[in-house]
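Report on the structure given below.
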Amino acid sequence: MFDTNDDGLLSSNDVQLLLEHALQREDSKDDRSEGREDKESQRRQQRIAEAKEELLSNSQYLTHSCFYDWATRNLDSLNNLLHTFQIVPSPERERTICEEILANHQAL
């Protein structure tokens, strides 16, 4: 999904896109002033830049081992990223699950 040119490698731009999804904006429900939103936006951009540097180091492309190391150290970001790929069960699997639930709870 993040390999925008389908070459099998994640370039600097691809890593930027990946990190924008992985490092979701940390919105709170509080009312914010414009200055605070700008500060948080700058802080988020700084976090993305730091993570990008960490992932790419001096390389043009992201390697699997570098991504794996980063992901194990940043599980919250990985979790945000994986939400993009939530899997919906097939109709057959969903039917089986529903039948099991109904069999276990006769009152339903």
Look up atom CZ in Arg47 and atom OG in Ser77, then write down how far apart they are to the nearest 0.5 Å. 6.0 Å
Here the pair of heavy atoms bringing Gly8 nearest to Asp3 is N-OD2, 2.6 Å
Is there a side-chain contact between Leu19 and Leu55 (heavy atoms, below 4.5 Å)? yes
With rounding to the nearest 0.5 Å, note down the distance linking CD in Gln16 to CD1 in Ile48. 6.0 Å
Apply the hydrophobic cluster definition, ILVMFWY joined by side-chain contacts under 4.5 Å directly or through others, and give me every member besides Leu9. Tyr61
Looking at CE of Met1 and NE2 of His21, how far apart are the two atoms once the value is rounded to the nearest 0.5 Å? 5.0 Å
With sequence neighbours excluded, what pairs up with Ser12 under the side chain to side chain donor-acceptor pair (under 3.5 Å) test? Lys52
Nearest-0.5 Å distance that lies between atom CG in Leu23 and atom CD in Glu50: 10.0 Å
Sequence-distant partners of Ser11, side chain to side chain donor-acceptor pair (under 3.5 Å), two or more places apart: Asp14
What I'd like to find out is whether the side chain of Leu56 reaches to under 4.5 Å of the side chain of Leu62, using heavy atoms alone. yes
In short, side chain to side chain donor-acceptor pair (under 3.5 Å) pairs touching residues 94-104 with sequence neighbours left out are none
Side chain to side chain donor-acceptor pair (under 3.5 Å) partners of Gln42, counting only residues at least two apart: none
Asn13 and Leu17, any side-chain heavy atoms less than 4.5 Å apart: no
Give me the atom names and distance for the closest heavy-atom approach of Leu18 to Leu10. CD1-CD1, 4.0 Å
Show me the donor-acceptor pairs, under 3.5 Å and distance only, between side chains in residues 65-75 and residues at least two apart or in other chains.
{"from": "Thr72", "atom 1": "OG1", "to": "Tyr68", "atom 2": "O", "distance (Å)": "3.3"}
{"from": "Thr72", "atom 1": "OG1", "to": "Asp69", "atom 2": "O", "distance (Å)": "2.9"}
{"from": "Arg73", "atom 1": "NE", "to": "Glu54", "atom 2": "OE2", "distance (Å)": "3.4"}
{"from": "Arg73", "atom 1": "NH1", "to": "Asp69", "atom 2": "O", "distance (Å)": "3.1"}
{"from": "Arg73", "atom 1": "NH2", "to": "Glu54", "atom 2": "OE2", "distance (Å)": "2.3"}
{"from": "Asn74", "atom 1": "ND2", "to": "Trp70", "atom 2": "O", "distance (Å)": "2.7"}

Give me each pair satisfying salt bridge (charged side-chain N to carboxylate O under 4.0 Å, His left out) with a member in residues 74-83, each pair once, sequence neighbours excluded. none
